[in-house]
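Numbers restart at 1 for each chain; the letters A, B, ... are given by sequence-line order, proteins then strands.
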Protein chains: 2
Amino acid sequence: MNFVKITEVGPRDGLQNEKAIVPTDAKFEFIQALAKTGLQHIEATSFVKKEWVPQMGDAEELTKLIFGGNPIDPEIQLSCLTPNIKGYEKAVSLGFKEVAVFTASSESFTKKNINKTIDESITAFLEIFQRAKEDNVKVRGYISTVIACPYEGKISPDKTLTVAKKLLDAGVYEISLGETIGVAVPSEVESLLNVLLKEIPSRLLAGHFHDTYGMAISNVKQSLNMGLRSFDSSAGGLGGCPYAKGASGNLATEDLVYFLEREGYHTGVDLDALVNASSLMEKALNRPLLSRTYVAKSKAKESS
Amino acid sequence: MNFVKITEVGPRDGLQNEKAIVPTDAKFEFIQALAKTGLQHIEATSFVKKEWVPQMGDAEELTKLIFGGNPIDPEIQLSCLTPNIKGYEKAVSLGFKEVAVFTASSESFTKKNINKTIDESITAFLEIFQRAKEDNVKVRGYISTVIACPYEGKISPDKTLTVAKKLLDAGVYEISLGETIGVAVPSEVESLLNVLLKEIPSRLLAGHFHDTYGMAISNVKQSLNMGLRSFDSSAGGLGGCPYAKGASGNLATEDLVYFLEREGYHTGVDLDALVNASSLMEKALNRPLLSRTYVAKSKAKESS
């Protein structure tokens with residue numbers, strides 16, 4: 001009851017939204033360090049076209065390191081984003097046993113992001129779901145803009161419910177509910193979950209909050225109160241916000257772990273080891289990380 | 001029921017903890033800007049010895065501007081910190097109708113901070129309370145380290161209850177509960193308030209949270225759930241954390257207003273006007289402010 005699953009998305013969702021392109025070796029070192037923090041779920045990379053997301057252009061090279069001569073502890077579940085069957089095939093052939101697919105609750109967002117309707121995006125994944133079943137590969141489903149969209153504004157919970165049910169029917173083992181632009185407050189999370197939980201068990205849902213306006217932890221608390229026990233976060237708060245450059249994006253794993261452990265939940269994550277892992281990326285990116293807990297722990301260390 | 005009182009402490013608690021000393025004119029301009037945001041309660045300065053807190057060394061000069069030829073809207077309740085009767089007399093003679101006094105729940109903290117025991121600190125205020133009654137001046141009471149102390153660690157809620165009752169008996173109209181080092185999580189706020197609210201009505205209590213570990217908003221939400229309707233915050237998150245230089249300190253007023261208004265509470269504060277006021281201090285201090293909402297709003301403005 002008290003264990004909370006954390007999916008670390010820093011190496012993928014975080015680094016994908018950083019301006020600087022981190023060298024593959026530094027990414028591997030980062031993932032190795034994350035793997036020693038107690039984190040059990042790490043999203044490592046994305047098999048997208050290099051022209052679209054140059055930050056993820058080394059997915060194949062990085063994956064070879066991850067499953068290569070000096071592999072990550074096999075107990076740790078590593079995953080990657082696969083936008084199409086070609087990406088899926090490459091990812092699985094190189095060693096991934098879990099992949100993630102990506103759609104949204106907002107038609108405008110899906111159209112702008114992947115030039116498909118929501119239904120077209122799900123149809124495009126059907127081949128992945130089929131193959132994943134045959135290959136015994138787990139598929140996780142991201143739904144973006146579950147509460148608000150940068151183009152459409154407020155999104156009705158019913159839209160997210162419809163998309164979530166389609167993804168679950170198609171075979172995802174968990175839905176990550178992406179509050180992509182970080183504007184939501186707990187009452188909105190409550191409204192959304194009230195609708196979703198009528199038809200979907202809480203164990204199939206994860207919260208993916210952004211901290212753009214500093215609301216992420218209060219939204220996690222709301223979700224916990226309503227039964228969710230799975231959250232995504234990004235080490236150090238890596239990634240920032242694509243809609244307000246320089247602002248905070250993904251909830252920082254440090255802030256999440258601090259909150260959960262202090263509130264009596266169990267994460268299995270060593271906060272000091274996590275701060276050390278994040279510091280590798282602070283150096284690689286040459287910009288200060290924005291996680292409150294990361295900064296407080298780093299500064300306290302500096303002054304001691 | 002839905003109105004929440006905000007006490008803006010940026011000009012005092014914020015600037016007091018900044019390294020740079022802001023010129024008096026710039027402080028006055030800042031307070032003028034704050035007074036146009038809809039904020040009704042602004043703590044403007046502190047009448048302490050200049051040698052102790054050089055940042056507040058211009059209290060007299062600033063106060064003369066505030067109540068001078070170009071005064072702040074008299075509807076706005078301006079206050080100042082007065083550590084002793086001498087400071088009180090000066091503050092009131094220059095125009096303040098509200099002052100604040102300061103003690104803590106931790107003996108070690110009080111000893112280190114003002115070289116008194118807690119009881120000695122309250123005794124030292126008795127003359128202020130007596131005079132304030134005669135002068136019809138309101139007195140607000142700060143209690144620091146209500147949940148944890150940088151020297152003693154965890155503080156028992158009973159200690160805070162004892163101090164709060166003494167201050168209320170002495171005549172303060174409101175107690176500001178200072179979570180000075182920003183380590184608390186909602187379950188600890190709940191434990192504290194469960195003890196306090198058995199003997200003290202919620203309308204006499206204000207929450208003063210720090211965001212050092214990113215927990216402030218979730219602590220505000222916990223306090224709201226338990227009936228509190230008064231919170232302190234600092235524009236832009238001014239002040240930082242004296243125990244981890246470079247880390248966040250006071251909850252930012254922008255984050256608080258964003259949260260409250262989006263959650264259906266009423267603050268009367270215009271968020272854009274507030275961002276403008278804070279930007280004056282970002283320039284004066286020549287360092288980026290840390291408020292999540294301030295940054296998101298500023299960056300969104302830059303990109304539009």
Side-chain angles (χ1 to χ4, degrees), chain A residues 147-148 150 181-190 210-222 224-225 237 240-249 251-252 254-265 271 288 290-304, chain B residues 147-148 150 181-190 210-222 224-225 237 240-249 251-252 254-265 271 288 290-304:
Chain A
I147 284 177
I181 55 175
V183 296
V185 290
S187 57
E188 293 171 302
V189 172
E190 186 179 13
H210 279 216
D211 206 28
T212 317
Y213 290 81
M215 304 295 124
I217 290 292
S218 61
N219 290 330
V220 167
K221 178 156 168 58
Q222 182 66 47
L224 286 165
N225 291 350
C241 173
Y243 306 99
K245 292 284 176 204
S248 294
L251 168 59
E254 285 88 345
D255 297 9
L256 178 62
V257 169
Y258 179 90
F259 170 75
L260 291 170
E261 293 283 338
R262 291 290 309 273
E263 281 287 53
Y265 295 93
L271 199 45
L290 297 177
S291 158
R292 298 282 197 227
T293 299
Y294 173 82
V295 174
K297 289 236 157 218
S298 305
K299 299 291 175 183
K301 209 190 288 175
E302 275 173 26
S303 10
S304 72
Chain B
I147 285 177
I181 53 175
V183 297
V185 290
S187 58
E188 292 172 301
V189 172
E190 185 179 11
H210 280 217
D211 206 29
T212 317
Y213 290 82
M215 303 295 124
I217 290 292
S218 62
N219 290 330
V220 168
K221 180 157 167 59
Q222 182 66 46
L224 286 165
N225 291 351
C241 173
Y243 307 99
K245 292 284 176 203
S248 294
L251 168 60
E254 285 87 345
D255 297 8
L256 178 61
V257 168
Y258 180 90
F259 170 74
L260 291 170
E261 294 283 337
R262 291 290 312 274
E263 281 288 52
Y265 294 95
L271 199 47
L290 296 177
S291 158
R292 298 279 198 229
T293 299
Y294 173 82
V295 174
K297 289 237 157 217
S298 303
K299 299 292 177 185
K301 210 190 287 176
E302 276 173 26
S303 8
S304 69

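When B/V295, B/V185, B/L290 are compared by the number of non-hydrogen pairs under 4.5 Å with chain A, B/V185 comes out ahead. Heavy-atom pairs under 4.5 Å with chain A peak, among B/G246, B/A247, B/S187, at B/S187.
Heavy-atom distances place the side chain of B/Q222, and not its backbone, under 4.5 Å from chain A. Only the side chain of A/S248 comes within less than 4.5 Å of a heavy atom in chain B; its backbone stays farther off. Proximity to chain A involves both the backbone and the side chain of B/P186, based on heavy atoms less than 4.5 angstrom apart.
B/E263 CD to A/E190 CD: the interatomic distance, rounded to the nearest 0.5 Å, is 8.5 Å.
Considering only residues two or more places apart in sequence or on other chains, B/Y213 meets the ring-ring contact (aromatic ring centres under 6.0 Å, His included) condition with A/Y258.
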When the side chains of residues 214-221 of chain B are checked against the rest of the protein, which donor-acceptor pairs come out under 3.5 Å, sequence neighbours left out?
unit_1, atom_1, unit_2, atom_2, d
B/S218, OG, B/M215, O, 2.8
B/N219, ND2, B/A184, O, 3.0
B/N219, ND2, B/M215, O, 3.3

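A donor-acceptor pair is defined here as one N or O able to donate and one able to accept, closer than 3.5 Å; such a pair exists between the side chain of B/R262 and the backbone of A/V183.
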